[in-house]
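As structure tokens, the structure follows; a few thoughts come after it.
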Amino acid sequence: AAGVIQSPRHLIKEKRETATLKCYPIPRHDTVYWYQQGPGQDPQFLISFYEKMQSDKGSIPDRFSAQQFSDYHSELNMSSLELGDSALYFCASRGMGPGANVLTFGAGSRLTVL
Amino acid sequence: GEDVEQSLFLSVREGDSSVINCTYTDSSSTYLYWYKQEPGAGLQLLTYIFSNMDMKQDQRLTVLLNKKDKHLSLRIADTQTGDSAIYFCAESINRGSTLGRLYFGRGTQLTVWP
């Protein structure tokens, strides 16, 4: 079965650079969530989109922005990167119907800021 | 805010049962989840339970929910070394714009000794 695809899997950037992470949800899933997991931490909710509109916002820094496109894929843009942005970034998707209360997570994108 | 608490570590011998406990504070929780994370990997959904249920069994996994005490547990029967991972408890509170957002605990590192 198709899963949530995230790219790139690993990314190394320097301070003050920008980074873009991509997420391709499971086909026919219309809701996408972004989470940030720091080393040894629990995943923290950043932002979510439903039908290409922002549906909820969590602890996302102002330096970050995200959007969902017409094909439902989503991108997380991070600017002025700081050392503390080093983390595993997860995307999850959710559909309608019987699976509507289950979030399926991708494998994550590991960002290292030097 | 929403607080989900878990003990951080659990060690068991192969073949024994493991019980991982979780407490949450928001009585509006609608679904509660258990996710498994292996080193450097994504979040794998193990099982979930609707808040009006008190037990759910799925092969080696048994979930118990005590809604009065806001306590959730995951029992893994016949624990194997391959079960060694971090187990996250998470709650979903469907309230207006927070539909589907998950709040995670810090995770319990399960170590299974041969």
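Below, chain A is the first sequence line, B the second, and so on; all start at residue 1. The analysis underlying the following values was restricted to heavy atoms, covering all of them including side chains, and did not include hydrogens, waters or symmetry mates.
Contacts between B:Y33 and chain A at a heavy-atom distance below 4.5 Å involve the side chain alone, from C-beta outward. Interface remark: B:L45 contributes side-chain atoms only to the contact with chain A (heavy atom separation under 4.5 Å). Only the side chain of A:L88 comes within less than 4.5 Å of a heavy atom of chain B; its backbone N, CA, C and O stay farther away. B:F104 touches chain A through backbone and side chain together, each having a heavy atom under 4.5 Å away. Of the atoms belonging to A:Y50, not a single heavy atom falls under 4.5 Å from chain B. For B:Q44, no part sits under 4.5 Å from any heavy atom of chain A, backbone or side chain. Interface residue A:Q37: only side-chain heavy atoms are found under 4.5 Å from chain B.
A 6.0 Å sphere centred on CZ of B:R60 holds more than 12 heavy atoms belonging to other residues, nucleotides or ligands.
Applying a 4.5 Å heavy-atom cutoff, none of the residues of residues 80-87 of chain A approach chain B.
Aromatic ring orientation, B:F50 versus B:Y31: tilted (interplanar angle from 30° to 60°). Note: A:Y35 and A:Y33 have tilted aromatic rings, judged against thresholds of 30 and 60 degrees for the angle between ring planes.
The shortest distance between side-chain heavy atoms of B:Y48 and B:L32 does not fall below 4.5 Å. Counting heavy atoms from C-beta outward, B:W113 and B:S11 have side chains that approach closer than 4.5 Å. B:D54 is not listed as a side-chain neighbour of B:L64, based on a closest heavy-atom distance of 4.5 Å or more.
In this structure A:I5 satisfies the side chain to side chain contact (heavy atoms under 4.5 Å, CB included) test together with A:Y24, sequence neighbours excluded.
The only member of B:K67, B:Q6, B:E5 that meets side-chain contact (heavy atoms from CB on, under 4.5 Å) when paired with B:Y24 is B:K67.
Geometrically, A:K52 does not engage A:F69 in a cation-pi contact, judged by NZ or CZ lying under 6.0 Å from the ring centre and within 45° of the ring axis.
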